[in-house]
Amino acid sequence: MVMGTAQRKLARRLVGAVALAFVASLVLTWMLHEQLTWRDTKHLIDNVFSDVAVDIRERVDARMFRQAMVVRDKVYEMQGQPWWNDPDESSRRLRALADELGVDEICIADADGNLSHSARREEVGALNFNTAEGQAHEFASLLTEGFELAQPPLPSTLRGEKIKYVGVWMPEGGFVLVGAREKALRNLARSALTGLTHGWHVSGDEGGIFITTDNGTIISHPVAGQEGGQWRDPGEDNYWEKRMFEGFPVYVVIPKRTAVVERRVLVATSAFLNGMALILAAILVGLVIAHYVRDQLAAQRKHEMEMATNIQESAIPRVFPPFPDETRMDIVATMQAARDIGGDFYDFYFITSDRFMFMIADVSGKGVPAALYMMRAKTTIKGIAQTGLPLAEVAERANDALSRDNDANMFVTAWLGELNLTTGVVTFVNAGHNPPIRTSSGSAPEFVRDRSGLMLGAMEGITYKSHELTLRPGEAIYLYTDGITEQPDERGDLFGEERLRFSLESMLSNGVAAVEGGSSPLLRAVFHAVVAYGGLVEQADDCTQLIVRYNG
């Protein structure tokens with residue numbers, strides 16, 4: 001009887017110990033997974049904010065540059081009027097033009113740097129940009145270099161209030177300066193930012209990037225047609241963060257069910273198996289744990305592939321044509337991801353109104369690490385390129401930045417090109433990437449094999465050399481990643497560069513269009529040729545293609 005009581009006490013203690021271990025395991029595992037989830041999500045949110053900040057600044061600068069160019073055209077008309085050299089009348093006319101264009105400041109500098117005309121009468125003759133200091137002196141470079149210059153909103157040296165200035169040069173000497181204070185800048189930028197984040201989902205199909213006004217009116221929504229509503233707190237089912245860019249609130253929202261690696265299911269399963277391990281024999285525990293580990297790894301890999309896919313798709317432009325009003329060139333790109341997601345990406349954007357940057361790249365590795373490194377590489381290259389540096393120096397600085405703190409020893413091959421839309425000259429740097437192919441209607445496609453240096457991120461201090469080629473109107477340059485040329489057939493033979501060149505030649509001679517509206521029949525045909533060549537062999541790698549046609 002005593003023995004039975006002792007056994008029951010021992011059994012109760014064992015049950016209590018198992019229950020306590022189960023609860024402790026559940027709580028600790030839950031806390032750990034929640035912390036890991038937020039850490040990973042925070043890193044992704046930071047990357048997205050970094051990228052969207054560049055896009056917003058581009059849109060705002062482009063809007064201001066358009067106003068400055070309108071002013072420059074009006075100045076050409078005004079210069080022939082008899083009142084142009086009358087400071088009172090010319091200031092009145094410029095003030096009216098500033099009100100019409102929705103800007104606060106219009107200043108004209110002559111070839112010597114003197115402020116010769118202004119919408120503010122008291123400023124005429126009061127400033128020389130060559131000898132000025134601070135914000136104003138930066139624009140003196142427009143007197144010797146034919147380009148454009150934009151500043152972030154800064155306190156004005158003349159009045160102390162915060163104002164954003166952009167300047168455009170005048171071919172006969174001097175430049176036009178346009179300024180907008182915060183209220184006017186927001187009014188100008190609002191139309192430029194409307195629809196900026198269409199189709200840009202950060203993770204899954206429900207999260208995204210939202211841009212609003214100060215009073216919460218949504219001006220850019222991931223879903224087209226949803227603008228105009230009122231911003232509301234996404235609630236506890238989402239991770240989200242707010243930051244300010246160019247005076248506009250920007251929100252990044254990620255649903256927890258897409259950010260979490262099915263963590264709640266994994267927590268319960270893990271705790272249950274820990275409890276069973278205290279009761280079952282060692283052999284049974286070993287079998288259960290082995291089965292659990294296989295399932296966990298499979299679920300983790302599946303989630304990583306989904307997350308890598310979401311990162312990859314959210315990082316690259318998907319809307320074509322991307323610049324409907326631009327007729328001097330056409331650009332189309334496609335990416336067909338493989339089952340094991342790699343780090344392919346492409347990007348394009350204007351450096352100035354006449355300098356168009358485009359690129360294609362391939363990160364070493366697979367899965368989430370490759371996708372995150374891809375985001376880092378894309379953001380780094382774009383941020384440096386936007387400074388207007390020569391392309392070779394852009395590659396060198398990007399390589400140094402990607403090489404630092406690169407504990408995973410990852411790298412990226414890249415082909416960077418900059419098209420001058422006035423002359424058709426393409427300046428390019430090849431950092432260990434596949435050679436592109438130049439196409440024209442009158443001759444066979446040919447490879448552009450000038451190689452400039454090692455892949456980006458391998459080691460610091462690499463020097464890169466830029467090369468040039470000139471596209472005639474109607475000619476195009478075709479870029480691709482090694483998923484195209486390294487697709488094997490059932491015997492293990494690769495598709496190869498020469499077969500790719502021959503396929504392009506055959507398709508173009510048979511009338512397949514390089515660019516047609518917002519798509520490229522040529523890119524579709526090349527991918528179908530690669531798939532047909534592989535036969536029953538699974539797609540080996542991401543197949544990414546980009547084509548730029550110069551129209552003149």
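For the numbers below, each heavy atom of this structure counts, side chains included, while hydrogens, waters and symmetry mates do not.
The aromatic rings of F348 and F320 sit tilted, their planes meeting at an angle between 30° and 60°. Ring geometry for H221 versus F210: interplanar angle over 60°, hence perpendicular rather than tilted (30 to 60°). Between F323 and F356, the ring planes are perpendicular. Angles over 60° get that label, and only those under 30° would be called parallel.
Residues E418 and V426 have side chains not in contact (no heavy-atom distance under 4.5 Å, counting atoms from C-beta outward). Looking at heavy atoms from C-beta onward, P317 lies in side-chain contact with Y346 at the 4.5 angstrom threshold. Side-chain contact between P436 and W415 is present, with heavy atoms from C-beta onward closer than 4.5 Å. Side-chain contact check for M335 versus R318: some heavy-atom pair is nearer than 4.5 Å. Contact of the L149 side chain with the F175 side chain is not registered, since no non-hydrogen atoms from C-beta on lie closer than 4.5 Å. Side-chain contact between R438 and L471 is present, with at least one heavy-atom pair separated by less than 4.5 Å. Annotation: side chain of P435 is in contact with side chain of Y480 (closest heavy-atom distance under 4.5 Å).
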Item checked: Working for side chain to side chain donor-acceptor pair (under 3.5 Å), residues N430 and D450 -> CA-CA 7 Å; N430 188 342; D450 294 295; over 6 Å; no

Notebook entry, point to check: Run the side-chain contact (heavy atoms from CB on, under 4.5 Å) check on Y464 and L391 step by step: do they pass?
Noted result: CA-CA 9 Å; Y464 293 86; L391 198 58; over 6 Å; no

Note to self: Is there a side chain to side chain donor-acceptor pair (under 3.5 Å) between T481 and D362? Walk through the geometry before answering.
What the structure shows: CA-CA 7 Å; T481 58; D362 185 2; 5.3 Å; no

Check: How far apart are the C-alpha atoms of F428 and I477, what are their side-chain angles, what is the distance that settles it, and do they pass the side-chain contact (heavy atoms from CB on, under 4.5 Å) test?
Finding: CA-CA 11 Å; F428 64 90; I477 188 164; over 6 Å; no

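Annotation for L402 and A377: closest pair CD2-CA, 3.8 Å, computed over non-hydrogen atoms. Among all heavy-atom pairs drawn from A514 and L522, the shortest one is CA-CB, 3.9 Å.
Residues satisfying the ring pair (Phe, Tyr, Trp, His ring centres under 6.0 Å) criterion with F411, sequence neighbours excluded, are absent altogether. Checked against ring pair (Phe, Tyr, Trp, His ring centres under 6.0 Å), F248 has no partners two or more places apart in sequence or in another chain.
Every pair passing salt bridge (charged side-chain N to carboxylate O under 4.0 Å, His left out) that includes a residue from residues 385-398 is listed here, sequence neighbours excluded: E393-R397.
Between D354 and R328, at least one side-chain nitrogen of the basic residue sits less than 4.0 Å from a carboxylate oxygen of the acidic one, meeting the salt-bridge criterion. Remark: K74 does not engage E100 in a salt bridge, criterion side-chain N to carboxylate O under 4.0 Å. A salt bridge is absent between E497 and R501: the closest approach of a Lys/Arg side-chain nitrogen to an acidic carboxylate oxygen does not fall below 4.0 angstrom.
Screening L500, V448, L546 for a side-chain contact (heavy atoms from CB on, under 4.5 Å) with Y478, the sole residue that qualifies is L500.
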